[in-house]
Amino acid sequence: MPPDSNKNERYNARAAEARWQKTWDQRGIYATQNSDPRPKYYVLEMFPYPSGRIHMGHVRNYTMGDVVARTKRAQGFAVLHPMGWDAFGMPAENAAIDRKVHPKEWTYDNIAAMKKQLQSMGLSLDWAREIATCDPSYYKHQQKMFLDFLKAGLVERKQSKVNWDPVDHTVLANEQVIDGRGWRSGAEVEQRELTQWFFKISDYSEDLLAALDRLDRWPEKVRLMQKNWIGKSEGLTLRFMLDPNSLTNLSAPNQENELEIFTTRPDTLFGAKFMALSPDHPLSLAAAAKNPKLATFIAECKKMGTAQAEIDTAEKLGFDTGIKAIHPFDPNWKLPVYVANFILMEYGTGAIFGCPAHDQRDLDFVNKYGLGNTPVVCPDGQDPKTFVITTTAYDGDGRMINSRFLDGMSIEEAKEEVAKRLERETRPLPTPPPQAGEGRVGVAQRQVNYRLRDWGISRQRYWGCPIPIIHCEKCGVVGVPEKDLPVTLPEDVSFDRPGNPLDRHPTWKNVTCPTCHGPARRETDTMDTFVDSSWYFIRFTDPWNAKAPTDAKVANAWMPVDQYIGGIEHAILHLLYSRFFTRAMHKTGHVGMDEPFAGLFTQGMVVHETYRSKSGDWVEPANVKIEGMGDARRATLAATGEPIEIGSIEKMSKSKKNTIDPDDIIAAYGADTARWFMLSDSPPERDVIWTEEGVQGAWRFVQRLWRLVGEIADIKAPATRPAVFSEQALVVRKAAHRALNNVSDDIARLRFNRCVAHIYECANALSDAIGAVETAPGPDLAWALRESGDILVALFHPMMPHLAEECWQALGHKTLVATEAWPVVEPDLLVENTITLPVQINGKKRADVTVPREAGETEIKAAVLALDAVKRALDGKSPKKVIVVPQRIVNVVA
RNA sequence: GCGGACGUGGCGGAAUGGUAGACGCAAGGGACUUAAAAUCCCUUGGGAGUAAUCCCGUCCGGGUUCGAGUCCCGGCGUCCGCACCA
């Protein structure tokens with residue numbers, strides 16, 4: 001590129017971007033004042049984990065948020081658009097182990113590096129509100145809220161299972177368990193029970209479920225996923241008597257004389273073939289005490305990991321305890337009681353009755369143990385006499401069969417009948433006697449059950465927010481007094497051994513009890529990092545507050561977040577925890593609302609082709625040379641020419657080495673090009689494939705816009721708006737105003753790929769108009785072109801802010817386009833005087849008809865019937881029907 | 001296993017139940033140039049036909065409708081989440 005040529009100079013993104021970033025920064029135009037009286041708009045992207053480098057997923061996510069922020073700012077809102085760091089978590093500890101670097105140092109270095117990268121993207125962020133969750137000034141308030149929640153009854157301690165690595169003596173995350181073995185040690189993982197802290201999210205099950213209906217700016221699929229996660233089900237708890245003759249081998253003398261189960265299918269009670277207990281069920285343990293084989297079986301079950309997918313896909317295994325349960329409707333009907341590996345203690349009562357014909361898991365189980373099945377629901381249209389179940393359970397609708405007094409009923413009627421009969425029948429509660437109330441209770445009780453479990457927040461790790469609790473032998477569990485907060489992490493820790501460094505720190509955990517001043521020890525567990533991210537969006541409203549997590553007045557003014565943008569992978573946990581946490585903060589007086597996110601958008605991933613060498617190693621795209629097209633596409637290693645296999649398109653990941661570094665792209669093409677490409681083509685909720693061609697296309701368009709604006713800037717236009725416009729000038733103005741209208745609408749609905757298309761169309765129209773001018777445009781066309789140029793620049797500003805500033809300046813404006821108001825559309829320019837309707841004959845398009853905009857149905861019909869194509873198709877006959885859909889289409893039924 | 005999505009040209013995709021393929025990419029042809037790059041113009045779902053025009057076509061099989069990529073039922077395929085990754 002000749003740098004001396006002035007007129008046709010290329011847009012120099014690198015120089016321009018640095019310059020405009022400096023200007024914005026110096027003028028402080030993205031700092032938001034809490035005192036701003038304009039209507040508020042809070043746009044937030046999910047804050048990143050400081051892994052060290054931003055990735056393309058961040059570029060996509062933050063560009064989308066920035067488009068919304070810039071647009072809303074132009075539309076007159078006080079926009080809050082902050083950024084921070086989800087800075088606690090396991091990778092920092094892994095780095096400490098692998099690279100001997102302190103988690104704190106590692107984290108803050110990463111933050112500094114990533115902040116620089118984000119700043120190079122030209123995001124309109126208010127960096128004055130930056131927070132890092134690992135900073136004591138942040139987690140101090142989190143500890144305060146933990147104590148507030150504790151006082152409010154929202155926290156409890158209970159037992160829960162963890163993945164235990166018996167070699168490393170450490171707790172493993174599910175992702176650290178690979179094929180049932182610890183990722184570092186390779187040892188078989190065991191389940192262990194630990195006493196842990198829980199937030200009582202299940203207190204809000206019904207509220208979290210019911211409120212989903214009001215989140216009308218959330219994706220339907222996320223609401224559905226949360227609904228299923230909460231998993232409300234209505235059923236019965238049902239007390240089966242145990243056959244006393246079968247209980248002789250139990251440890252305790254006959255404490256368990258009955259077994260309580262939960263079922264959502266009481267209608268299938270006559271199809272029951274067995275009972276199944278969780279390996280953790282008290283009755284299982286009682287039976288195992290005198291039965292070594294059963295004890296071994298239970299121990300085997302504990303070798304299974306705690307992940308749900310693993311439990312569900314494992315082979316269904318059971319062990320017959322020898323205990324018999326008595327059918328509630330037939331004292332002579334005895335059911336074998338098994339301990340089974342697929343029954344969860346956490347759900348229902350930890351025990352079920354198995355009806356194999358109508359539940360696949362139960363069917364797999366009986367087929368393995370030869371217990372048989374009896375269908376009790378017969379689908380409509382099936383003959384009950386011949387209806388049999390072999391390997392596939394039937395869980396659909398139908399009529400009751402083989403079920404005595406239920407026969408012929410619908411499923412719903414049968415459920416109701418069973419409930420009614422068993423509710424009426426009462427029996428004394430099992431021994432030992434109940435502590436309160438009457439001695440007799442219905443054999444069955446209707447019960448609403450939720451799948452949602454309480455939120456276990458204890459982590460046996462160093463790099464997390466310390467749980468502000470002191471354990472005293474005399475006083476028990478005592479909260480750290482507020483004046484002693486924050487409980488800070490000690491910095492002199494070692495990672496040379498596995499396990500929690502806090503637990504083996506020589507002094508940190510030794511404290512005096514705040515109540516009795518005797519010796520006591522600190523809680524050494526830290527909080528789940530999901531706690532940190534469950535309120536950061538509220539902290540952003542008042543991040544400087546040293547006294548309290550937030551100022552309710554300020555938080556209530558900014559909250560809820562109007563538009564939250566992040567990955568679909570957070571659809572359930574992060575969002576549900578945040579909804580709970582906001583409610584808990586409401587209950588403890590920190591804020592005045594329940595729902596944190598009024599609008600939610602979940603964007604898709606950035607994916608890329610994968611490359612593999614002959615030896616099976618993954619190869620980075622930067623080292624691959626691609627030649628040829630379509631099927632003839634071949635890849636070679638750029639350095640050696642070794643052939644490379646082109647693999648499937650997958651999520652960018654370090655392990656498959658198919659990542660593209662945003663830094664490289666920004667250095668080569670500039671941030672605007674990267675931003676533009678991330679918004680082009682793919683709908684934002686879907687995955688976008690990163691391609692070299694796509695980036696180059698975006699880069700060419702950047703240059704094209706720059707040239708186009710240069711041409712418009714050269715046009716001399718009258719200062720005042722002409723009174724009349726020629727047809728030519730109107731075409732230009734209509735194109736610009738149509739684009740303005742479409743882009744405004746599509747940004748509001750976050751349909752960025754369509755915005756991109758409309759901006760292309762607008763640019764094409766302006767290029768065409770300029771190309772058609774032979775000498776110099778007349779004053780009306782000149783004015784129209786200048787007007788349209790201004791509109792075009794304003795429209796792409798949210799997406800390519802640096803280029804827009806450069807263009808705005810070139811067009812002679814002295815202001816910043818970043819602080820300009822959004823252009824105002826002239827509605828008259830959006831309507832045409834004539835409309836062209838497609839004409840179908842029998843549903844197939846055969847012709848067009850052009851009619852005046854205000855033409856009525858009879859007028860349109862007449863015009864349609866006069867068309868050659870219609871006459872030909874009708875062949876002299878009159879049509880059966882003519883359907884005129886106003887403004888849309890005409891269909892002639894011949 | 002359970003739950004959730006998605007499936008349209010060579011590719012990414014567009015299409016309130018109403019003209020399938022907007023817009024972009026790639027490709028082919030042309031202009032400019034000593035040449036290349038850059039830029040500009042034209043063509044581009046498949047098939048038949050000189051042409052007008054016609055036939056086929058939105059993963060597969062059914063259905064509803066004047067009309068289905070879109071709605072319903074049943075398959076197939078791909079992807080995501082599953083509670084200690086964030």
Side-chain angles (χ1 to χ4, degrees), chain A residues 1 8 10 46 48-49 51 86 88-91 160 162-163 171-177 196 219 221-222 224-225 227-229 231 306-314 316 342 346 360-361 364 451-461 528-530 532-533 567-574 576-577 604-605 607 629-631 648 650-651 680-683 685-689 691 693-694 696-698 700-701 703-704 707 753-754 756-761 764 767 771 836-840 842-848 868-869 872 880-883 885 887-893:
Chain A
M1 200 43 39
N8 293 322
R10 285 217 182 171
M46 292 180 184
Y49 179 80
S51 58
D86 191 11
F88 274 136
M90 288 207 310
S160 141
V162 294
N163 297 308
V171 176
L172 298 177
N174 281 332
E175 67 156 16
Q176 296 174 320
V177 180
Q196 314 215 53
K221 66 172 170 180
V222 175
L224 190 58
M225 283 163 89
K227 183 182 171 207
N228 290 330
W229 188 257
T306 58
Q308 191 64 45
E310 198 182 345
I311 294 166
D312 287 345
T313 49
K316 310 278 173 285
F342 60 97
E346 290 79 20
Q360 191 61 46
R361 287 168 309 182
D364 294 344
R451 205 182 72 101
L452 181 65
R453 307 204 292 260
D454 279 332
W455 174 13
I457 60 155
S458 295
R459 297 290 181 273
Q460 295 70 40
R461 306 190 200 290
D528 178 7
T529 57
F530 271 123
D532 313 337
S533 56
I568 185 71
E569 67 273 20
H570 294 292
I572 297 175
L573 294 181
H574 163 59
L576 197 59
Y577 290 154
M605 294 179 302
V607 296
M629 289 295 309
D631 287 345
S648 58
E650 295 189 47
K651 177 179 178 171
S680 311
D681 294 353
S682 287
E685 69 278 7
R686 234 187 275 177
D687 291 352
V688 62
I689 304 175
T691 61
E693 294 82 3
Q696 282 176 4
R700 277 201 299 272
F701 189 57
Q703 297 299 340
R704 208 184 128 203
R707 281 196 306 275
N753 58 320
R754 290 172 34 127
V756 166
H758 290 133
I759 288 170
Y760 267 109
E761 280 170 338
N764 291 346
S767 295
T836 300
L837 293 173
V839 176
Q840 294 182 332
N842 294 328
K844 287 189 178 183
K845 198 225 160 183
R846 285 292 182 259
D848 291 302
D868 284 346
R872 215 177 320 132
K880 282 204 190 105
K881 206 176 187 184
V882 178
I883 296 157
V885 183
Q887 309 295 310
R888 277 279 162 205
I889 204 167
V890 181
N891 191 10
V892 179
V893 185

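Excluded from the calculations below are hydrogen atoms, water molecules and symmetry mates; all remaining heavy atoms, backbone and side chain alike, are included. The sequence lines fix the lettering, A, B, ..., with proteins before strands; numbering per chain opens at 1.
Checking the phosphate oxygens (OP1, OP2) of B/rG12, no side-chain nitrogen or oxygen of A/Ser682 falls inside 4.0 Å. One finds a side-chain N or O of A/Lys844 lying less than 4.0 angstrom from the OP1 or OP2 phosphate oxygen of B/rC56. Checking the phosphate oxygens (OP1, OP2) of B/rC2, no side-chain nitrogen or oxygen of A/Asn228 falls inside 4.0 Å. Dashed line: the shortest gap from a side-chain N or O of A/Arg686 to OP1 or OP2 of B/rG7 is under 4.0 Å. Regarding contacts with the backbone of B/rA83, every side-chain N or O of A/Arg453 stays at 4.0 angstrom or more from both OP1 and OP2. Residue A/Asn753 places no side-chain N or O under 4.0 Å from the OP1 or OP2 atom of B/rG24.
In this structure, CD1 of A/Ile572 is placed 7 Å from C1' of B/rG3, rounded to the nearest angstrom. Following rounding to the nearest Å, A/Phe530 (CZ) and B/rC84 (P) show an atom-to-atom distance of 8 Å. Distance A/Asn174 CG to B/rC82 P: 9 Å, rounded to the nearest Å. Across the protein-nucleic acid pair, A/Ile883 atom CD1 and B/rA68 atom P stand 12 Å apart, rounded to whole Å. Taking atom CG of A/Asp681 as the reference point, atom P of B/rG12 lies 10 Å away to the nearest angstrom. If you take CD of A/Gln308 and P of B/rC82, they are 11 Å apart, rounded to a whole angstrom. The nearest whole Å value for the distance from the CZ atom in A/Arg361 to the P atom in B/rC2 is 9 Å. Per the geometry, CG belonging to A/Asp687 stands 9 Å off P belonging to B/rC80, to the nearest Å.
Within 4.0 Å of A/Ser533, counting heavy atoms only, lies no atom of the nucleic acid at all. If you check every strand for non-hydrogen atoms under 4.0 Å, A/Arg846 touches sugar and phosphate atoms only. If you check every strand for non-hydrogen atoms under 4.0 Å, A/Glu761 touches sugar and phosphate atoms only. No contact: A/Asn842 has no heavy atom under 4.0 Å from any strand. Residue A/Leu224 is classed as a sugar-phosphate contact, given heavy-atom separations below 4.0 Å to backbone atoms only. Counting non-hydrogen atoms under 4.0 angstrom, A/Ala309 reaches a base of the nucleic acid. Base engagement by A/Gln196 is indicated by at least one non-hydrogen atom pair under 4.0 Å involving a base atom. Residue A/Pro683 is in sugar-phosphate contact alone, with no base atom involved, counting any heavy-atom pair closer than 4.0 Å across all strands shown. Counting non-hydrogen atoms under 4.0 angstrom, A/His574 reaches nothing in the nucleic acid. Heavy atoms of A/Trp229 sit under 4.0 angstrom from at least one base atom. Looking at heavy-atom distances under 4.0 Å, A/Val893 makes contact with sugar-phosphate atoms alone, never a base. The residue A/Ala698 sits apart from the nucleic acid: no heavy atom pair falls under 4.0 Å. Using a 4.0 Å heavy-atom criterion, one finds that A/Phe342 contacts no nucleic acid atom at all. The residue A/Gln696 sits apart from the nucleic acid: no heavy atom pair falls under 4.0 Å.
Comparing B/rA27 with B/rA86, their C1' atoms sit 43 Å apart, to the nearest whole Å. Distance check on atom P: B/rU65 versus B/rC72 gives 16 Å, rounded to whole Å. Taking the C1' atom of each, B/rG57 and B/rA68 are spaced 14 Å apart, rounded to whole Å. B/rU70 and B/rU8 are spaced 11 Å apart, taking the C1' atom of each and rounding to whole Å. Comparing the C1' positions of B/rG3 and B/rG69 gives an interatomic distance of 26 Å, to the nearest angstrom. Rounded to whole Å, the separation between the P atoms of B/rG47 and B/rA37 comes to 30 Å. The same atom, P, is picked in B/rG21 and in B/rU43; the two are 15 Å apart, to the nearest Å. Distance noted for atom C1' between B/rG9 and B/rC23: 14 Å (whole Å).
The partner of B/rU70, taking Watson-Crick or G-U wobble pairs whose two distances both stay under 3.5 Å, does not exist in any strand shown. Both distances falling under 3.5 Å, in either a Watson-Crick or a G-U wobble arrangement, occur for no nucleotide opposite B/rG49. B/rG77: Watson-Crick or G-U partner is B/rC6, with both key distances under 3.5 Å. Using Watson-Crick or G-U wobble geometry with both donor-acceptor distances under 3.5 Å, B/rA14 finds no partner in any strand shown. Base pairing analysis places B/rA83 opposite nothing; no Watson-Crick or G-U wobble pair with both distances below 3.5 Å involves it. B/rC40 is paired with B/rG30 under the criterion used here, namely a Watson-Crick or G-U wobble arrangement in which both key atom distances are under 3.5 Å.
A/Leu452 places a side-chain heavy atom less than 4.5 Å from the side chain of A/Leu576. Looking only at side-chain heavy atoms (C-beta outward), A/Val893 and A/Asn842 come within less than 4.5 Å of each other. For the pair A/Ile568 and A/Lys221, the minimum side-chain heavy-atom distance is below 4.5 Å. Residues A/Asp312 and A/Phe342 have side chains not in contact (no heavy-atom distance under 4.5 Å, counting atoms from C-beta outward). At least one side-chain heavy atom of A/Arg704 sits less than 4.5 Å from a side-chain heavy atom of A/Asn764. Between A/Arg846 and A/Arg872, the closest side-chain pair of non-hydrogen atoms is not below 4.5 Å.
Comparing B/rC80, B/rA83, B/rC23 against the side chain of A/Arg451 picks out B/rA83 as the nearest. Checked against B/rG4, B/rC80, B/rU19, the side chain of A/Asp848 finds its nearest nucleotide in B/rU19. Ranking B/rG24, B/rG18, B/rG1 by closeness to the A/Val885 side chain, first place goes to B/rG18. Listed candidates were B/rG1, B/rG24, B/rG18. Nearest to the side chain of A/Thr313 is B/rG1. Of the candidate nucleotides B/rA86, B/rU53, B/rA83, B/rU53 has the atom nearest to the side chain of A/Arg872.
Annotated as syn: B/rG9, whose O4'-C1'-N torsion sits within 90° of 0.
If you check distances only, the side chain of A/Gln460 does reach the base of B/rC84 with a donor-acceptor pair under 3.5 Å. Not a single donor-acceptor pair, N or O on each side, falls under 3.5 Å between the base of B/rU39 and the side chain of A/Arg700. Checked by distance alone, A/Arg754 brings no side-chain donor or acceptor within 3.5 Å of a matching partner on the base of B/rC23.
Side-chain atoms of A/Asn163 come within 3.5 Å of backbone N or O of A/Thr306 as a donor-acceptor pair. Judged purely by atom type and a 3.5 angstrom limit, A/Ser682 uses its side chain to pair as donor or acceptor with the backbone of A/Asp687.
Interatomic distance, CG of A/Leu573 versus CG of A/Asp528, reported as 9.0 Å (0.5 Å rounding).
Checking A/Ile889 against A/Met225, the closest nucleotide of RNA chain B that is more toward the 5' end is the one next to A/Met225. Where A/Leu452 and A/His758 meet RNA chain B, the nucleotide closest to each residue was compared, and A/His758 sits on the side nearer the 5' end.
Ring pair A/Phe530/A/Tyr577 is perpendicular by interplanar angle, where above 60° counts as perpendicular and below 30° as parallel.
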